[in-house]
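The next block holds one structure in the form of structure tokens; read it before the comments.
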Amino acid sequence: MSSDQTPGHAVELLEAVHRDLAATVLPLGLPGADGARGDIRHALSQLEDYILPRYRSLDAPLLAVVGGSTGAGKSTLVNGLAGHAVTRAGAIRPTTRQPILLHHPADGRWFEDQRVLPSLSRVRGSVKPAPLPASQAGPTPDAAAVTSLVLVADTAVPQGIALLDAPDVDSISADNRKLAGQLLAAADLWVFVTTANRYADAVPWRLLLDAASRDIMVAVVLDRVPPAAEAEVSADLQSMLSREGLGAAGLFVVPEVELDGMGMLPAAAVEPLRLWLQEIAADAAGRAGIARRTLNGTVKALADRVEAAATAAGDQERAAQGLAGDAREAYRDAVARILEATRDGALLRGEVLARWQDFVGTGEFFRAMEQNIGRFRDRVGAFLRGEPAPAVRVETAIETGLQAVIIDEAANAGDDADGRWRSDPAGRQLLGSDDLSGTSEGFAERAAAEIRAWQGSLMELIRTEGQGKRTQARWLSFGINGLGAALMIVVFSMTAGLTGLEVGVAGGTAIAGQRLLEAVFGEDAVRRLAKTAREDLHTRCQNLLQDEQLRFLDRLDSSGGIDPAVLAGHASALRRLAASA
């Protein structure tokens, strides 16, 4: 291990990897997402159960997990190694029991706390539980209740190594299979038990290949081998191990023999394996080498999983951005259509036009306005002082017309966004059975309130603009609503932006509002007021529809998490750590 990769630095890196993996969220139903989530869970478990504990305690005893297929004879083998019955062989499958960890009494402190396998509570077991022949074994607690690790101190186990009897790797119980995988992932070395009839089964080999990827030390025990077939079966199994990168694995053959009355193997049957374990335990430097070898291989495998998580997180990020972009574009287009409807004169038809014509009067009003601006001021001033109600009716008609446009376009945006999401598998998953087309509940009321607020802001603009204009004070005091209505009409007939105020489809009726405002404030001020009012309307429409699009975007909130680049950086750092070990 290099100077910049001391155990302390390594633990800091691994804790950062654990923290960021735990924060990685893959909520979208993308291809491969389920596998990536499983890899992340596996990586987190391995960090918690093995990698971090081992880095924090490099001098702890080795943990040898005894695993294998259903009925392979794991428990019988463990009892044989101990020289007496410690764990019970089950005749009823699946054997659902708490896993038993055998250790030398002097090594108890390493396993009594939650250093390894922290999710399993500890139970102190008896050194020599009353034996029960397999033929009399009864049912045991359900696998879902397996939450404890039974610790058994026994001087028959050499100091420096512990044996953990794991459930069947191919158990019909999903909980048992999960627990077996968890225990094997926490091992420094494996004692893998199979039989002459089942050594080629697929499930055990998947686990053995995982061991090869971690470069873990493996001892394969070929159990219940008929003497006549020993040479042939052993050679075939050794050939398979070599082809899969496990040629260095120790191979121990347990012949097919009768068990004694207590269900025990003859001592000679397991003597080679016992001596092998004793030699490992007696060699402190060798134990350290085994621990580092397994740790190194496990960190390399972790780097691959972290890199895969980074790729999956990047895929999720891009998919989420695409879905968010679809929603934003749908509502952005709706805002543009609303503003176009307010710009092209469409709102000056129908009820708005009728109410405005009621307000400004007949054709004689326009002739008077054209003949003499002073007479126009007097005529309009008297009109505004005497008849304020028509101006309010103009505001109401504008509110109704503008509200209809906003609601219609917001509904179109909702339909568009919902349709885009449903055409995408990830979007369909996020929507589920919910229909987000149209508008949300209460949107019509919110739109009406925003329009009224906009109209109120126009009135305030006029009040502010009139301050200091002493000659027009009477116009402002008697005609705020009228001037506000005129400004709205100008805003809805303004098609040329800052280049001038032009008449929309409403024709001469819009000129009245423009001339009225110019007579009070001047042409430049009217341009400025109209520009400010339009920008305010734009902002309010944007805010309304941005709130609507949150119905979609809020469903993407959980698609965040850790930056994929951070995970990719962790993967590189883990590879450097493994290389320096």
- Backbone N or O of L431 within a donor-acceptor pair of the W421 side chain at under 3.5 Å? no
- Message: Show, in sequence, the C-alpha distance, side-chain angles and deciding distance for T195 and N197, and conclude whether the side chain to side chain donor-acceptor pair (under 3.5 Å) test is met.
- Response: CA-CA 5 Å; T195 66; N197 293 327; 5.2 Å; no
- Query: Are the charged groups of E112 and R109 less than 4.0 angstrom apart, N to O?
  - Reply: no
- What distance separates L246 CG from W190 CH2, expressed to the nearest 0.5 Å? 9.0 Å
- Item | Any donor-acceptor pair under 3.5 Å from R551 side chain to L436 backbone | yes
- Item | L26 vs I40 side-chain heavy atoms within contact, under 4.5 Å | yes
- Going by atom types alone, do S148 and S121 pair a side-chain donor with an acceptor below 3.5 Å? yes
- Would L222 and V254 satisfy side chain to side chain contact (heavy atoms under 4.5 Å, CB included), going step by step from the backbone distance to the final call? CA-CA 6 Å; L222 190 59; V254 177; over 6 Å; no
- Carboxylate-amine/guanidinium contact R198 D170, below 4.0 Å: yes
- Task: State, without any angle test, whether S119 and Q182 hold a side-chain donor-acceptor pair at a distance under 3.5 Å.
- Result: yes
- Message: Please tell me whether R576 and S572 have a donor and an acceptor in their side chains that are separated by less than 3.5 angstrom.
- Response: no
- Smallest separation among heavy atoms of D210 and R305, with atom names: OD1-NH2, 4.3 Å
- Query: Do NZ/NE/NH1/NH2 and the carboxylate oxygens of E15 and R56 come within less than 4.0 Å?
  - Reply: yes
- Item | Distance, nearest 0.5 Å, that separates CG of L63 from CG of L183 | 8.5 Å
- Could you walk me through whether E48 and L117 pass the side chain to side chain contact (heavy atoms under 4.5 Å, CB included) check? CA-CA 7 Å; E48 295 163 4; L117 297 164; over 6 Å; no
- Residue pair E244 / W205: nearest heavy atoms and the distance that separates them: CG-CZ3, 3.7 Å
- Under 3.5 Å, is there a donor-acceptor pair between the side chain of S57 and the main chain of R54? no
- Task: Taking all heavy atoms of A153 and all of P105, pick out the closest pair and write down the distance.
- Result: CB-CA, 4.0 Å
- Message: Between R287 and D188, does any side-chain N to carboxylate O distance fall below 4.0 Å?
- Response: no
- Atom of L21, atom of A43 and distance for their closest heavy-atom approach: CD1-CB, 3.8 Å
- Sub-3.5 Å donor-acceptor pair from the side chain of R115 to the main-chain atoms of W110, do we have one? yes
- Message: Working to the nearest 0.5 angstrom, can you tell me the gap between Y199 OH and D223 CG?
- Response: 14.5 Å
- Query: Looking only at atom types and distance, does a side-chain atom of Q159 sit under 3.5 Å from a main-chain N or O of H104, one as donor and one as acceptor?
  - Reply: no
- Message: Donor-acceptor check, side chain of R122 to backbone of L149, threshold 3.5 angstrom: yes or no?
- Response: no
- Run the side chain to side chain contact (heavy atoms under 4.5 Å, CB included) check on L184 and L207 step by step: do they pass? CA-CA 9 Å; L184 286 166; L207 290 169; 4.0 Å; yes
- If we ignore angles and hydrogens, is there a donor and acceptor under 3.5 Å between the side chains of D416 and Y331? no
- Message: Determine whether a donor-acceptor pair (N or O, by modelled atom type, separation under 3.5 Å) exists between the side chain of Q114 and the backbone of L120.
- Response: yes
- Query: Are L567 and E307 side-chain neighbours, meaning at least one heavy-atom pair lies under 4.5 Å?
  - Reply: no
- Query: Could you state the interatomic distance from CZ (R420) to CD (E329), rounded to the nearest 0.5 Å?
  - Reply: 4.0 Å
- Task: Give a yes or no answer on whether the side chain of D215 reaches the backbone of T294 with a donor-acceptor pair at less than 3.5 Å.
- Result: no
- Considering all heavy atoms, the nearest L164-P99 contact: CD1-CB, 4.1 Å
- Query: Side chains of L275 and Q278: does their closest heavy-atom pair fall under 4.5 Å?
  - Reply: yes
- Message: Please check this pair: side chain of D283 against backbone of G286, looking for a donor-acceptor N/O pair closer than 3.5 Å.
- Response: yes
- Which atoms form the tightest heavy-atom contact between S69 and P204, and what is the distance? OG-CG, 2.9 Å
- Check the side chains of D165 and S75 for a donor-acceptor pair under 3.5 angstrom, ignoring hydrogens and angles. yes
- Message: Contact between E256 and V225 at the side-chain level, heavy atoms closer than 4.5 Å - yes or no?
- Response: no
- Please examine the side chains of L545 and R332, heavy atoms only from C-beta on, and report whether any two atoms are closer than 4.5 Å. no
- Query: Any sub-3.5 Å donor-acceptor pair from D415's side-chain atoms to G438's backbone N or O?
  - Reply: yes
- Query: Do H570 and D20 have a side chain donor and acceptor closer than 3.5 Å?
  - Reply: yes
- Query: Can you tell me how far the CD atom of Q429 sits from the CG atom of L323, to the nearest 0.5 Å?
  - Reply: 10.0 Å
- Message: In the structure I gave you, are the side-chain heavy atoms of V150 and R124 within less than 4.5 Å of one another anywhere?
- Response: no
- Query: Can you check whether L208 reaches V218 side chain to side chain, under 4.5 Å on heavy atoms?
  - Reply: yes
- Message: Within the supplied structure, the quantity of interest is the number of heavy atoms (other residues, nucleotides, ligands) at a distance under 6.0 Å from E232 CD; does it exceed 12?
- Response: no
- Message: Is it the case that the side chains of S173 and D175 hold a donor-acceptor pair, with the cut-off being a distance below 3.5 Å and no angle test?
- Response: no
- Message: Once rounded to the nearest 0.5 Å, what's the spacing between atom CD of Q98 and atom CG of L151?
- Response: 10.5 Å
- Message: D107 vs I161, test: side chain to side chain contact (heavy atoms under 4.5 Å, CB included). Steps then yes/no.
- Response: CA-CA 8 Å; D107 288 338; I161 195 167; over 6 Å; no
- Test log, rule salt bridge (charged side-chain N to carboxylate O under 4.0 Å, His left out), inputs D424 and R428: CA-CA 6 Å; D424 185 290; R428 275 199 304 277; over 6 Å; no
- Considering only NZ, NE, NH1 and NH2 on the basic side and carboxylate oxygens on the acidic side, decide whether K300 and D304 come within less than 4.0 Å. no
- Query: Does any non-hydrogen side-chain atom of L273 lie less than 4.5 Å from one of L81?
  - Reply: yes
- Flag for T298-R214: side-chain donor and acceptor within less than 3.5 Å: yes
- Show the numbers, then the answer: is there a salt bridge (charged side-chain N to carboxylate O under 4.0 Å, His left out) between R177 and D168? CA-CA 7 Å; R177 293 196 305 273; D168 302 331; over 6 Å; no
